[in-house]
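Lettering of chains follows the sequences in order, A, B, ..., and the numbering in each one begins at 1.
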There are 2 protein chains.
Amino acid sequence: MGDAMMAGLINKCLKNGIRITSQREVIIEVIEESEDHPDVNQLYQRAVEQDRTISIATVYWTVKLLEEMGVIDRLEFGDGRARYEESGEHHEHLVDVETGEVIEFYHAKLEALKQQIAREMGYELVDHRLELFGRKLRP
Amino acid sequence: MGDAMMAGLINKCLKNGIRITSQREVIIEVIEESEDHPDVNQLYQRAVEQDRTISIATVYWTVKLLEEMGVIDRLEFGDGRARYEESGEHHEHLVDVETGEVIEFYHAKLEALKQQIAREMGYELVDHRLELFGRKLRP
DNA sequence: CTAAATGCAAAACCTTTGCCTCAAA
DNA sequence: TTTGAGGCAAAGGTTTTGCATTTAG
């Protein structure tokens, strides 16, 4: 197979017609490789390791742009900072209140129920935000 | 019936043994009378109408205290500000993305499902946050 | 070449805090 | 009286922005 099937954030960005600068390449790569849900400062720290010249202002500009294009999602876990992740299959977050660990999950029934509730109230669901906060049960 | 049945934020505060100052009385009354989900600045504006001497710092101190006592809830709708409401029967929020209006709802099935999901993942649900964002359907 | 992106520093916000004064209980 | 509360202003942390410079396309 050729390049036609290539996915990845960079390609989504190309499709959106934005300029790919060296800084954006690094920042986008950092986001793609992150398994956690980094805030802007974490993205900046990871990006600056690969390119000393990147400024945090550029990281702010970039995440704003990527979010507007819909290729990343902004998350909020209640501390004052925005966190980001590549947008992909839909999933929710469960935050372990003791460790701060964030566990992703998907639950079809929940998806359906949210849609249904909105419809029952006379609304078309365009977005939602759900976070569960839990404490690990003793087995 | 006598005073024994009195509810209200002030009484909850008295039960918690905090000092009821004139400023707190005003701020608490403002929260009780608010039908919306005001942020700190809105609470301050409404409170200062009744008592010019109230400072915004006192509003911050007070909402922090009330939240710790569990008599009000802190909400976040994605703009950078915390919003508050008197805590009562549990309910969720649906935000009309066109008007900004916030509609409260309660859905037993949803409550049960959240608990169930957490349990399935090996967690005891201690808190959660859910907001739906929707657009009004044409009838 | 030219519009768009970067970097820097300043500013804008929201929230917290130190400290002295004041008042509730 | 004594301890908690209030007010002010400064500081903290995150995010945005104006502007001169650089660069991708």
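Separation of the B:His128 and B:His90 ring centroids falls under the 6.0 Å cut-off.
Contact between the side-chain N/O atoms of A:Ser22 and the OP1/OP2 oxygens of D:dT23 is not found at any separation under 4.0 Å. The phosphate of C:dT6 has neither OP1 nor OP2 within less than 4.0 Å of any side-chain N or O from A:Thr53. Proximity of B:Tyr60 to the phosphate of C:dT16: no side-chain N or O atom is located under 4.0 Å from OP1 or OP2. Put simply, B:Lys64 has a side-chain N or O that comes within less than 4.0 Å of OP1 or OP2 on C:dT17. Within the structure, every side-chain polar atom (N or O) of B:Thr21 is placed at least 4.0 Å from both OP1 and OP2 of D:dG4. Note on B:Gln23: every side-chain N or O is 4.0 Å or more away from OP1 and OP2 of C:dA24. At the phosphate of D:dG13, neither OP1 nor OP2 sits under 4.0 Å from any side-chain N or O atom of A:Arg81. Between D:dG6 and B:Ser55, no contact under 4.0 Å exists linking OP1 or OP2 to a side-chain N or O.
Under 3.5 Å, the side chain of B:Arg19 and the base of D:dT3 form at least one donor-acceptor pair of N or O atoms.
Among A:Phe133, A:Tyr106, A:Phe105, A:Phe77, the one residue that satisfies the ring pair (Phe, Tyr, Trp, His ring centres under 6.0 Å) test with A:His93 is A:Phe77.
The minimum heavy-atom distance linking B:Arg74 with B:Tyr84 is given by the pair CZ-OH, 3.6 Å. Here the closest heavy-atom approach between residue A:Leu110 and residue B:Ile117 is recorded as CD2-CD1, 3.9 Å. Heavy-atom minimum distance, B:Glu86 versus B:Ile31: N-CG2, 4.3 Å.
In this entry the distance linking CG of A:Asn16 with P of C:dA5 reads 12 Å, nearest Å. Distance, A:Ile18 CD1 to C:dA3 P: 19 Å, rounded to whole Å. The separation between B:Glu67 atom CD and C:dT15 atom P is 11 Å, rounded to whole Å. Remark: P of C:dT15 and CD of B:Gln42 are 11 Å apart, rounded to the nearest angstrom. Atoms CD (A:Glu25) and C1' (D:dT23) sit 14 Å apart, rounded to a whole Å. Between the CZ atom of B:Arg74 and the P atom of C:dC14 there is a distance of 14 Å, given to the nearest Å. Note: CD1 (A:Ile54) to P (C:dT6) measures 9 Å, nearest angstrom. Atoms CG (B:Asn41) and C1' (C:dC13) sit 11 Å apart, rounded to a whole Å.
If you find the closest nucleotide of DNA chain C to A:Leu65 and to B:Val40, the one lying nearer the 5' end belongs to A:Leu65.
Taking the side chain of A:Arg24 as heavy atoms from C-beta on, and the options D:dT15, C:dT6, D:dA5, the nearest nucleotide is C:dT6.
Within the 4.0 angstrom heavy-atom criterion, no nucleotide atom of any strand lies near B:Ile56. Contact annotation for B:Ile20: backbone-only contact, meaning every heavy-atom pair under 4.0 Å involves sugar-phosphate atoms and none involves a base.
The closest side-chain donor-acceptor pair between A:His37 and A:Gln42, if any, does not fall under 3.5 angstrom.
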